[in-house]
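Each chain gets a letter, A, B and so on, in the order its sequence line appears, and its residues count up from 1.
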Number of protein chains: 2
Amino acid sequence: MTSAAPRRRGRPSRTDSADAPAARDRILAAAREEFAERGYDKTSVRGIAKAAEVDPALVHHYFGTKEQVFEASIAGAMGPLLEAPGSIVEGPLDDVGERLARFFFGIWETPATRKALLAIVRSAMNNEAAAGVFRRIVSTQVLRRIAGRLDLPDAELRAELAAAQLVGIVMLRYVIKVEPLASADPEQIIGRVAPVIQAHLAGPQ
Amino acid sequence: MTSAAPRRRGRPSRTDSADAPAARDRILAAAREEFAERGYDKTSVRGIAKAAEVDPALVHHYFGTKEQVFEASIAGAMGPLLEAPGSIVEGPLDDVGERLARFFFGIWETPATRKALLAIVRSAMNNEAAAGVFRRIVSTQVLRRIAGRLDLPDAELRAELAAAQLVGIVMLRYVIKVEPLASADPEQIIGRVAPVIQAHLAGPQ
């Protein structure tokens, strides 16, 4: 065991098993930083390894290809979003719109989470592989779980149109920063948007 | 006058005034192509000039900086969108939602326009200068004209939330391509979205 020894920068041993979870976490954190700073195209496994102070082989060992590192870093950044739909949709359907809107802005108004999520959105906009990862995670883990609870013939389309309202607000408020939306009080936005989410998810045919 | 002479590639005279409108249009068309293919960051005035077969000085002469070429190419691509809000909002307010949704999908379902608009959206996502140009055009020419007709205290925020619903659909349907939204019949989407636009623009406080 070498875990108590001082770390040699750049070349930790791959067999240093006591240190493995820490190295894995460090790689993930570095990957999130790199994808956020540079976007998907300009990020390399080598650059992630350098930022995490590990050998590139260790990145491949834990995660595989760049696309797979991206997927793992998305899953990490979206953790709270991915765990939430259950609790959001499980309550009574007649205020699901407000619960979802409130939860969504809770996440986006937190600067650290916002930065990670913006990086994902930007990457998905610019790279087909990144878009594929985003699509897969959002479709299977968020939208279908919400749609599954609705028990309506066009539940998936409804869930996606509700998501579109929120995604569009992300674009105009956090990316393009159109005023007055960019500076509006989240409560004012929630007040206007909750009924829209509600109508999409549970409104009449 | 040299307009009937065979064109020498790359170095047309800047004083070739009979040819000026054609050169200007060629530069704009080349700029749209370049921004669409490469994105804002990777497009250069030199590259646009080369694609248009003119001297880079002519691009500067007609348009100024790269940012200004981008603004002119956006204004061109968004021409139909920029001319429309008047006619859309001038009709009766009680079906403004459907008119706007129908007009919006009419534009986005046309492949050539869609390509140019997607290039603008991608550039605005990735570059602060491009985002600024997009913000200025959308705010002053689209949203404020719509909001000006509404005569409500929070008209601008309402117009932006309506726009957010449409922008989000652009993202999920045309960029990320989430199913079933990506393949849904436009009429089905319009049927669900028109009431949302209507509520945002003209619904109760």
Side-chain angles (χ1 to χ4, degrees), chain A residues 39 41-42 118 121-128 130-136 138-140 142-144 147 154-173 175-185 188-189 191-193 195-197 199-200 203-205, chain B residues 39 41-42 118 121-128 130-136 138-140 142-144 147 154-173 175-185 188-189 191-193 195-197 199-200 203-205:
Chain A
D41 283 334
K42 291 184 194 155
L118 276 179
V121 173
R122 284 205 166 94
S123 295
M125 285 286 300
N126 288 285
N127 180 286
E128 194 40 55
V133 170
F134 185 77
R135 183 165 57 232
R136 191 158 62 243
V138 171
S139 292
T140 60
V142 183
L143 295 173
R144 272 178 210 158
D154 54 354
E156 289 195 1
L157 186 66
R158 284 166 171 262
E160 288 168 10
L161 291 171
Q165 172 72 78
L166 297 171
V167 166
I169 292 173
V170 165
M171 293 294 144
L172 297 182
R173 178 174 170 89
V175 181
I176 310 287
K177 303 192 180 98
V178 174
E179 294 292 357
L181 182 57
S183 307
D185 181 345
Q188 190 184 8
I189 302 174
R192 292 231 152 263
V193 163
V196 168
I197 308 296
H200 276 314
Q205 294 297 68
Chain B
D41 283 333
K42 290 182 196 159
L118 275 179
V121 173
R122 285 204 167 93
S123 295
M125 285 286 298
N126 287 286
N127 181 286
E128 193 40 54
V133 170
F134 185 76
R135 184 165 56 231
R136 191 160 59 245
V138 171
S139 291
T140 59
V142 183
L143 294 173
R144 271 179 211 159
D154 54 353
E156 289 194 1
L157 187 66
R158 284 167 171 262
E160 289 169 10
L161 291 172
Q165 173 72 80
L166 297 171
V167 166
I169 292 173
V170 165
M171 292 293 145
L172 297 183
R173 178 174 168 89
V175 180
I176 310 285
K177 303 192 180 95
V178 174
E179 294 293 355
L181 182 58
S183 307
D185 181 345
Q188 190 184 8
I189 302 174
R192 293 231 152 264
V193 163
V196 169
I197 309 295
H200 276 313
Q205 294 296 66

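Rounding to the nearest 0.5 Å gives a distance of 7.5 Å between CD of Glu179(A) and CD of Glu160(B). Rounded to the nearest 0.5 Å, atoms CD (Gln188(A)) and CG (Leu157(B)) are 5.0 Å apart.
Residues Met171(B) and Val170(A) form no side-chain contact, since every pair of their non-hydrogen atoms from C-beta on lies 4.5 Å or further apart.
Taking both residues in full, the closest heavy atoms of Gln165(A) and Leu161(B) are given as NE2-O, 3.2 Å, listed atom of the first, atom of the second, then distance.
Residue contact with chain A, scored on non-hydrogen atoms closer than 4.5 Å, involves the backbone and the side chain of Ala163(B) alike.
Interface check for chain B: of the options Val167(A), Leu181(A), Leu172(A), Val175(A), the most heavy-atom pairs under 4.5 Å are formed by Leu181(A). Between chain A and the residues Arg192(B), Arg173(B), Glu156(B), the most heavy-atom pairs under 4.5 angstrom are made by Arg192(B).
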